Amino acid sequence: MKLEIRNVTKLFKGKIAVNNFSMEMQSGECVGLIGPNGAGKSTLIKVISDIINSDAGEVLLNGKKISKMKREIGYLPQYPNFFHWMTARETLTFMGQLSGLKKEVLTNLIPEILTKVGLTGEENSKVGTFSGGMKQRLGIAQALLHKPSLIVMDEPVSALDPIGRREVLNLIEEIKKDTSILLSTHILSDAEEICERFVIIKDGTKIEDTTITELLNRNSENKLIVEITAKDQKWIDVVKKLPYVKGVEVIGLKVKIKVENIEKNKNILLKNALEHKVDIVKFEMNNDTLEEIFLELVMQK
Ligand code: ADP
Ligand code: MG
């Protein structure tokens, strides 16, 4: 499997939803497409899955146009449309037939796929009785029916409660073993758990294509977190003027201080605090979390 997205642009009534977006993906990869609401994730995913056409650019799978390779791709929409009065088996039969699979083939495939997504025993239950996590697993079953080499999932866990989220994340871990995965989310921590590679999209434009490790390393800037009491807030003005302090961010009683040469200056800063009779509640070295890095990226560029 090789997916190539080349200079894809999509407009809605003249407004750009996806802007000259390119990326490649190889077999065995799990890629998180991350971006805030309205970034263009669903639009891009629909172009990749050949649900809508782009205005410019192209999507190739194994070197061939995606419209000719639909059998190789499974798509889980952000809002799957199920008929609540259908059973799980009826749903999969209906959707399987829509995607061109024969009824006889489906009779064999459906029990196998229901087992895979952990819905054995539920084949005759009505979808209307399913929890959010079960519905989403049925959606994944639908996307896997024709055994695609790539599955594309649009916000597969964003709308779920913690239990449903756990069920679906565990299932995705399983699928990952034999299928390449592209999933979108606006919640970084959802992707953090399963994908090593992140592609960040904002206002339709790709702003990052990186790995968790690289992101964390790049941002392992030297910061000290000092928690002080309310009476010592005036010390912050002293800190701001220190020559080795590069930045100060105040969050409640916490002061995040970016310093040069942290090893040397952390003790000097501590000494300064003591000289000013600052009551220290907490004093620690800290790296930005992925969530903080993500926010910074999405807010800035
Ligand atoms: P995301 O999935 O990242 O939240 P979308 O791809 O749904 O973002 O939307 C990207 C932009 O395109 C948004 O500004 C949205 O309002 C617009 N958009 C999406 N679908 C349509 C549509 N069918 N008609 C008009 N505008 C749309
Ligand atoms: Mg969306």
Side-chain angles (χ1 to χ4, degrees), residues 3-12 15-26 29-48 54 57 59 78 152-160 165 169 172 176 180-225 240 245-252 254-260 262 284-301:
L3 177 74
E4 293 165 84
I5 304 168
R6 292 195 185 152
N7 308 99
V8 165
T9 294
K10 176 73 189 176
L11 301 117
F12 290 110
K15 195 173 156 269
I16 285 196
V18 175
N19 187 7
N20 195 22
F21 190 105
S22 302
M23 70 173 267
E24 283 189 13
M25 210 185 132
Q26 310 290 334
E29 274 197 290
C30 176
V31 179
L33 177 67
I34 332 258
N37 286 330
K41 304 180 295 298
S42 293
T43 306
L44 179 64
I45 280 181
K46 284 181 202 160
V47 171
I48 297 171
S54 61
V59 179
Q78 182 167 7
V152 184
M153 294 182 270
D154 196 359
E155 308 242 12
V157 295
S158 306
L160 298 177
R165 188 185 118 88
L169 286 177
I172 297 175
K176 214 172 121 174
S180 310
I181 296 178
L182 176 66
L183 64 87
S184 79
T185 179
H186 65 280
I187 304 162
L188 185 77
S189 53
D190 287 345
E192 182 183 345
E193 196 175 316
I194 29 186
C195 305
E196 168 61 12
R197 181 173 159 206
F198 290 168
V199 173
I200 302 180
I201 180 172
K202 192 200 166 189
D203 298 333
T205 305
K206 183 169 91 174
I207 58 170
E208 280 290 339
D209 185 344
T210 184
T211 62
I212 298 187
T213 335
E214 199 273 324
L215 257 189
L216 285 175
N217 284 342
R218 185 192 333 164
N219 285 274
S220 64
E221 263 185 317
N222 293 328
K223 272 189 193 155
L224 289 167
I225 303 234
K240 283 180 182 162
V245 168
K246 293 199 294 188
V248 179
E249 193 187 336
V250 184
I251 312 149
K254 277 190 193 162
V255 197
K256 254 191 194 182
I257 306 168
K258 216 189 269 184
V259 294
E260 280 166 19
I262 198 159
E284 65 180 15
M285 295 216 269
N286 159 276
N287 288 337
D288 279 347
T289 62
L290 273 177
E291 203 68 50
E292 286 168 324
I293 298 167
F294 173 60
L295 275 178
E296 223 160 274
L297 278 172
V298 170
M299 310 286 267
Q300 272 175 7
K301 294 194 187 174

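Everything numeric here is computed off the predicted structure, so don't read it as measured data. The chain is numbered in sequence order, starting from 1.
Residues Glu192 and Ile212 form a side-chain contact, since some pair of their non-hydrogen atoms from C-beta on lies under 4.5 Å apart. Between Ile48 and Phe21, the closest side-chain pair of non-hydrogen atoms is not below 4.5 Å. Looking only at side-chain heavy atoms (C-beta outward), Met285 and Ile262 come within less than 4.5 Å of each other. At least one side-chain heavy atom of Leu224 sits less than 4.5 Å from a side-chain heavy atom of Val259. Put simply, the side chain of Val59 reaches to within 4.5 Å of the side chain of Leu3, judged on heavy atoms. Phe294 has its side chain out of reach of Leu215: every pair of non-hydrogen atoms, C-beta onward, lies at least 4.5 Å apart. Using a 4.5 Å heavy-atom threshold, the side chains of His186 and Lys41 count as touching. A 4.5 Å side-chain heavy-atom check between Ile194 and Leu169 finds at least one atom pair inside the cut-off.
A donor-acceptor contact closer than 3.5 angstrom is absent between the side chains of Thr9 and Asn20. A donor-acceptor pair shorter than 3.5 Å cannot be found between the side chains of Ser184 and Glu155.
Looking at Lys240, its side chain never comes within 3.5 Å of a backbone N or O of Gly247 through a donor-acceptor pair. Judged by distance alone, the side chain of Lys202 and the main-chain N or O of Val298 form a donor-acceptor pair under 3.5 Å.
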Walk me through whether Lys258 and Val245 qualify under side chain to side chain contact (heavy atoms under 4.5 Å, CB included).
CA-CA 6 Å; Lys258 216 189 269 184; Val245 168; over 6 Å; no
After noting the C-alpha distance and the side-chain angles of Ile200 and Leu297, does the key distance pass the side chain to side chain contact (heavy atoms under 4.5 Å, CB included) rule? CA-CA 9 Å; Ile200 302 180; Leu297 278 172; 3.6 Å; yes
Subject >> Residues Glu29, Arg197; criterion salt bridge (charged side-chain N to carboxylate O under 4.0 Å, His left out); working and verdict >> reply: CA-CA 8 Å; Glu29 274 197 290; Arg197 181 173 159 206; 3.0 Å; yes
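Put simply, the residue from Ile34, Thr185, Leu183 that forms a side chain to side chain contact (heavy atoms under 4.5 Å, CB included) with Cys195 is Leu183.
More than 12 heavy atoms of other residues, nucleotides or ligands sit less than 6.0 Å from atom NZ of Lys176.
Distance check, rounded to the nearest 0.5 Å: NZ of Lys206 to CG of Asn19 gives 12.5 Å. Of the inter-residue distances, the one linking Met25 atom CE with Cys30 atom SG reads 7.0 Å to the nearest 0.5 angstrom. One distance of note links CG of Asp154 with CG of Leu33; it measures 8.5 Å at 0.5 Å rounding. One distance of note links CZ of Phe198 with CG of Asp209; it measures 11.5 Å at 0.5 Å rounding.
Applying the side chain to side chain contact (heavy atoms under 4.5 Å, CB included) rule to Thr211 yields the partners Glu196, Thr213, Glu214; only residues at least two apart in sequence or on another chain are considered. Residues satisfying the side chain to side chain contact (heavy atoms under 4.5 Å, CB included) criterion with Lys256, sequence neighbours excluded, are Lys223, Ile225, Glu249, Ile251, Asn286, Asp288, Glu292.
Of all non-hydrogen atoms in Gln26 and Ser180, the two that sit nearest each other are O-OG, 4.0 Å. Contact detail for Val18 and Val8: the closest heavy-atom pair is CG1-O, 3.4 Å.
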